[in-house]
Amino acid sequence: MEERLNKFIAANGFSSRRKIDEFIQQGRVTVNGKTIFDLGYKIDTDTDKVAVDGERIKQSEKKDYIMMNKPDGVVTTVSDEKHRPTVIDILNSNTKIFPVGRLDYHTTGLLILTNDGDFANKLMNPSFKVYKTYITKLSKPLEAKHRMALEKGIRLEGRYTLPAKISFLNDKDFTKVAITISEGKNRQVRRMFEHYGYFVNSLHRSEYGSLKLGNLKPGEWRKLTKQETESLLTNQKPIVVKQQPLKDDKIKDRGNKPVPGKKDFENKFSGDKRKSNSKPDFKKKFKKDGTKKFTNNHKEKKFDGTKRADKKKIRRA
Ligand code: URA
């Protein structure tokens, strides 16, 4: 990029532009070893080597941190060989911004972009568990036994997924669920549901670590505040998923409340040790295969996600 010599030196933390002009007039500034006296001299910031009193001035890139609501039909890459629109096209930026991780072509929602490689590497490091919440519409109602298995972790391509948190968003429609995971394997959420024969009709990331998408519309973006970028790196609290408890689903949701006997929710939720994520209450009321225990009358009943009122209607019909 072409830039005026004095502007370049000032932008890179070396005194005011007026002072720098004095330095230039005094013959203290060199470009590629050659002394420059011209105050209007322009340099190529990518290739020219600038020094003041022999001390090299390096381009200190300003760090940008951006949150975008990725729309459907956009690829999460810097460029696309098939010439599909990219998230960088949306930004229309000439700085070297790149996405942190990726969302599928058809996944919408919260995406972070930055030019800070260290920041991106830290967030993407598998050992640094960032909790991500996705809202999904499934092709059929999610059964309790599948919810339980997915929460505990399932074997996908030879490896177990870490414990997840699944909530129903509607007490009548069990196809609408929120899932929070702390991993970022390729197509992970889709593959988790597909494992039990559910097709993911839509997928939207609403939360990433401590960030929530808020009211950003698809295709809109904004810069993160310093506080937000810092909280991403430090405040790794799991996200509270707003949950509508199901009347027929006797699973007592704990939200983010600490598990009895455990220090905090994170203890329970960090799962390399293959710890069970099922609630004590859940264990009391359900067997491993999702069969409900009826301790009073010893009857067994499969929980199939159908509400009692609906069952009555079915029986009457
Ligand atoms: N999981 C998926 O399956 N797709 C995404 O885009 C993100 C998470």
Side-chain angles (χ1 to χ4, degrees), residues 66-80 82 84-91 98-114 120-121 123-140 142 146-147 149-169 175-214 216-221 232 236 238-239 241 269-271 277:
I66 286 165
M67 166 163 116
M68 176 188 284
N69 183 350
K70 177 196 167 295
D72 186 3
V74 172
V75 281
T76 312
T77 49
V78 172
S79 61
D80 184 54
K82 293 185 199 156
R84 291 172 297 179
T86 72
V87 287
I88 303 301
D89 294 335
I90 294 176
L91 282 183
F98 54 89
V100 177
R102 68 180 276 282
L103 291 175
D104 298 337
Y105 186 67
H106 286 301
T107 303
T108 58
L110 204 163
L111 181 71
I112 294 172
L113 301 108
T114 186
N121 287 340
L123 289 184
M124 286 192 288
N125 190 323
S127 66
F128 188 78
K129 294 187 182 67
V130 181
Y131 292 88
K132 290 150 257 187
T133 298
Y134 298 87
I135 308 294
T136 164
K137 170 88 177 126
L138 302 174
S139 55
K140 56 183 180 175
L142 180 64
H146 295 146
R147 174 189 180 182
L150 288 166
E151 283 197 325
K152 265 180 103 173
I154 57 159
R155 222 174 137 89
L156 275 187
E157 287 171 10
R159 296 197 61 183
Y160 277 97
T161 57
L162 293 178
K165 173 104 182 79
I166 299 181
S167 328
F168 290 100
L169 297 170
T175 62
K176 289 183 184 154
V177 302
I179 175 165
T180 301
I181 57 172
S182 61
E183 301 165 281
K185 295 199 185 99
N186 190 28
R187 294 186 72 254
Q188 177 156 347
V189 175
R190 293 177 198 274
R191 287 191 298 134
M192 283 170 77
F193 287 111
E194 281 163 13
H195 184 78
Y196 288 116
Y198 300 87
F199 183 75
V200 170
N201 287 334
S202 68
L203 191 59
H204 174 81
R205 184 153 75 190
S206 58
E207 300 180 18
Y208 185 101
S210 49
L211 296 181
K212 287 178 200 284
L213 193 55
L216 273 188
K217 304 221 166 54
E220 286 184 352
W221 57 271
L232 269 177
Q236 280 298 299
I239 298 141
V241 182
F269 212 53
S270 65
N277 190 36

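For ligands, and for the atoms within them, numbers begin at 1 and follow the listed sequence.
Between Thr107 and ligand 1, at least one pair of N/O atoms sits closer than 3.5 Å. Taking only nitrogen or oxygen atoms, main chain and side chain alike, Asp104 reaches within less than 3.5 Å of ligand 1. Residue contacts with ligand 1: Arg102 is placed with no nitrogen or oxygen under 3.5 Å of a nitrogen or oxygen of the ligand (distance criterion only).
A distance-only check finds a donor-acceptor pair linking the side chain of Lys70 to the backbone of Asp104 [under 3.5 Å]. Thr76 places no side-chain N or O within 3.5 Å of a backbone atom of Arg102 that could act as its donor or acceptor partner. Checked by atom type and distance alone, the side chain of Arg205 never pairs as donor or acceptor with a backbone atom of Gly109 at under 3.5 Å. With Lys212 contributing its side chain and Ser206 its backbone, the two residues share no donor-acceptor pair below 3.5 Å.
Taking every non-hydrogen atom of Leu203 and a distance limit under 4.0 Å, the qualifying atoms of ligand 1 come out as 1 (N), 2 (C), 3 (O), 4 (N), 5 (C). Ligand 1 places these atoms under 4.0 Å from at least one heavy atom of Tyr134: 7 (C), 8 (C).
Ring pair Phe193/Tyr198 is perpendicular by interplanar angle, where above 60° counts as perpendicular and below 30° as parallel.
In this structure, atom 1 (N) of ligand 1 lies nearest to the protein heavy atom Val189 N, 3.2 Å.
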